[in-house]
Amino acid sequence: MSGTLLIKNGHIIDPANGIDTVADLWVNDGRIAGIGSFEGEQPDQLVDATGMVVCPGLIDMHVHLREPGQEWKEDIQSGSRAAVAGGVTTMCCMPNTGPHIDHAGIALQIVARARQVNLCNVHPIGAVTKNLDGKELTEMRELSRAGCVAFSDDGLPIWHAGVMRKALEYSASFGYLVIQHAEEKALTKGGAVNEGWISTQLGVEGMPTVGEDSMIARDIMLTRLADARYHVAHISTTGAVDLVRRARSEGLKVTTEAAPHHFALTEEEVLGYNSDAKMSPPLRTEADRLAVVEGLRDGTIEVIATDHAPHHEDDKRCGLSCAAFGIVGLETMLPVSLDLVRAGALTMSDMIAKMTCNPARLLGLDAGTLSSGSEADITIFDADATWMLDRNKLVSKGKNTPWHGKQMTGRVTHTIKAGRIVFSDGVVHE
């Protein structure tokens, strides 16, 4: 975009550069021009951000866009619209599409389609194994050259220890991250919710915490052996957080992310057979929720990511046991995460870092900063604005959210991509 944009009098928070101040932010020709007064400059556009937080565009490193193959649930255009409505300017999409992102052609197709939509950056995450069957490795280096920024079979665990070892060794040869959906299927198969009193009360099969913990313990040993980079997706248990904390204290290259639902909600949300609270890993106990919050607070968990998983209504309204796993999250990530700030678990800067510079660093992305000369991807939000979430007003095609009818605090006012305002006043500008 050509021209000059002035974002005036906002509370600028840029954790990558240690900036936390009220000032003006200037954008010129789609790039950050600088912070402060520019004598004599007259902007082409002005945004008054008084009382608002101005930060780098949010990054969500764990999103399911469903394209190609399940476009009735979500597609790159609808997912991009939901992203910018939630302040997200960069997202990484998981490979459990149809066909899967297990060869370069599909990755290139996704990159090209995202550029055509031109609302936010979309980076594919390549499959670790062909057809996500856990048996034969993909051409991971070729996938990286086609635009993939990490590797995962997310939705399915990499269940075979030998295959996982080879994947870690292969990805380590060029420094990429392997992201694991940590679940030992022999322990969790058939489960719909967390194993415990709630599953017993509902009369449905449960998924024990050891199903997550045991897979992570195995993978940490393999990571140590391969000297590789390993990342736990959507961590949810006390034991898992402890395992990652100990691995990091040893200096292993182990990282993890938390989804907002796992630090905000507990298994009690599924009472009444609420399928909109069914996800994998499932919502856990209050003790597990607090362990995830503590992991975020002490830095064990470096990233907040949504695991945005849109589904058609038919996939959710068929009984708890057979309902699809997953909820939408792009439009609720910010307000739910702001509860951590209000509770004193995180500072505003720490929260923003977990959604900007931290995921950018893990994935090697040129994003997540307001440095002079960087692409002007910017999010502006009112941390105190209150609103009622109506699933029918979500921008995403998916309406499967456990926050329907609940009051949210914190709302995006503007999303700016490469200097262009792509969302403002509740409207996506395509």
Side-chain angles (χ1 to χ4, degrees), residues 61-70 92-113 122-190 211-212 214-234 252-257 280-281 307 309 324-326 362-364:
M61 67 177 283
H62 192 144
V63 172
H64 298 270
L65 290 180
R66 308 304 189 197
E67 183 179 350
Q70 294 183 315
C92 302
C93 58
M94 286 294 175
N96 58 337
T97 48
H100 307 304
I101 311 175
D102 60 1
H103 61 278
I106 299 300
L108 291 169
Q109 176 184 328
I110 290 168
V111 171
R113 177 60 180 146
V122 178
H123 301 287
I125 291 176
V128 172
T129 66
K130 294 180 181 179
N131 203 36
L132 305 186
D133 63 9
K135 297 177 182 178
E136 183 180 356
L137 293 183
T138 58
E139 295 292 343
M140 297 165 75
R141 194 69 178 105
E142 183 182 355
L143 282 164
S144 74
R145 294 188 180 107
C148 292
V149 295
F151 301 102
S152 180
D153 278 0
D154 186 67
L156 294 169
I158 304 162
W159 56 270
H160 192 290
V163 171
M164 185 58 164
R165 177 186 178 181
K166 290 175 182 176
L168 288 165
E169 291 171 343
Y170 189 178
S171 64
S173 69
F174 52 97
Y176 269 45
L177 205 61
V178 174
I179 302 171
Q180 174 73 301
H181 174 111
E183 180 184 354
E184 176 49 73
K185 288 284 190 178
L187 293 168
T188 63
K189 186 177 180 181
E212 182 172 334
S214 60
M215 183 67 80
I216 294 171
R218 181 206 74 173
D219 288 346
I220 287 172
M221 288 188 280
L222 295 174
T223 300
R224 184 184 294 111
L225 182 65
D227 190 25
R229 299 180 64 218
Y230 170 73
H231 183 85
V232 179
H234 41 50
L252 298 180
K253 301 168 189 174
V254 175
T255 56
T256 189
E257 70 196 40
S280 181
D307 191 15
F325 290 105
L362 292 182
L363 297 171

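Quick caveat: nothing in here was measured; it's all calculated off a predicted structure. Numbering of residues begins at 1 and proceeds along the displayed sequence.
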Margin query: Would you say that His181 contacts Ser280 through its side chain, given a criterion of any heavy-atom pair below 4.5 Å between the two side chains?
Written below: yes
Step by step, work out the side-chain contact (heavy atoms from CB on, under 4.5 Å) result for Thr255 and Leu177.
CA-CA 9 Å; Thr255 56; Leu177 205 61; 4.2 Å; yes
Nearest heavy-atom approach of Ile106 to Pro99 is CD1-CG, 3.4 Å
To the nearest 0.5 Å, atom CZ of Arg145 lies from atom CZ of Arg141 at 4.5 Å
Rounded to the nearest 0.5 Å, the CD1 atom of Ile110 sits from the NE2 atom of His123 at a distance of 12.5 Å
What one should report as the nearest heavy-atom pair of Met140 and Ser171 is CE-CB, 3.8 Å
Practice prompt. Determine yes or no for a side-chain-to-main-chain donor-acceptor pair under 3.5 angstrom, with Arg229 supplying the side chain and Gly175 the backbone.
Written response: yes
Does Thr138 use its side chain to pair, donor to acceptor, with the backbone of Ala127 at less than 3.5 Å?
yes
Exercise for review: Look only at the side chain of Asp102 and the backbone of Asn131, and say whether a donor-acceptor pair between them is shorter than 3.5 Å.
Suggested key: yes
Nearest heavy-atom contact between Leu137 and Ala167 is CD2-CB, 3.8 Å
CZ (Arg66) and CE (Met94) are apart, to the nearest 0.5 Å, by 11.5 Å
Closest non-hydrogen atoms of Ile101 and Cys93, given as atom of the first, atom of the second and distance, are CD1-O, 4.1 Å
Worked check of side-chain contact (heavy atoms from CB on, under 4.5 Å) between Arg113 and Val122:
CA-CA 9 Å; Arg113 177 60 180 146; Val122 178; over 6 Å; no
- Message: Less than 3.5 Å apart, any donor N or O on the side chain of Glu257 or His231 sitting next to an acceptor on the other?
- Response: yes
CG (Asp153) and CD1 (Ile125) are apart, to the nearest 0.5 Å, by 11.5 Å
- Message: Between Pro95 and Phe151, is there a side-chain heavy-atom distance shorter than 4.5 Å?
- Response: no
Interatomic distance, CG@Asp154 vs SG@Cys92, rounded to 0.5 Å, equals 12.0 Å
Check your understanding: Under 4.5 Å between any side-chain heavy atoms of Glu183 and Leu156, yes or no?
Key -> no
Donor-acceptor check, side chain of Thr97 to backbone of Gly69, threshold 3.5 angstrom: yes or no? no
Checking Val128, Asp219, Thr129 against Met164 for side chain to side chain contact (heavy atoms under 4.5 Å, CB included), the one that qualifies is Asp219
OG of Ser173 to CG of Leu168, rounded to nearest 0.5 Å, is 11.5 Å
Next item on the list: Decide yes or no for Val111 and Pro124: does some side-chain heavy atom of the first lie under 4.5 Å from some side-chain heavy atom of the second?
Entry: yes
message: Once you measure the plane-to-plane angle for Phe174 and Tyr176, does it fall in the parallel (<30°), tilted (30-60°) or perpendicular (>60°) bin?
response: tilted
Would the distance check show the side chain of Trp159 and the main-chain N or O of Asp133 forming a donor-acceptor pair, the cut-off being under 3.5 Å?
yes
Ile216 backbone acceptor or donor facing Tyr230 side chain under 3.5 Å:
no
Self-check item: Donor-acceptor pair, side chain of Glu184 and main chain of Ala186, under 3.5 angstrom
Solution: yes
In terms of heavy-atom contacts, Pro157 and Met215 come closest through CB-CE, 4.0 Å
Just wondering, do Val149 and Met61 contact through their side chains at under 4.5 Å, heavy atoms? no
* **Whether Gln180 side chain and Ile158 backbone form a donor-acceptor pair below 3.5 Å** => yes
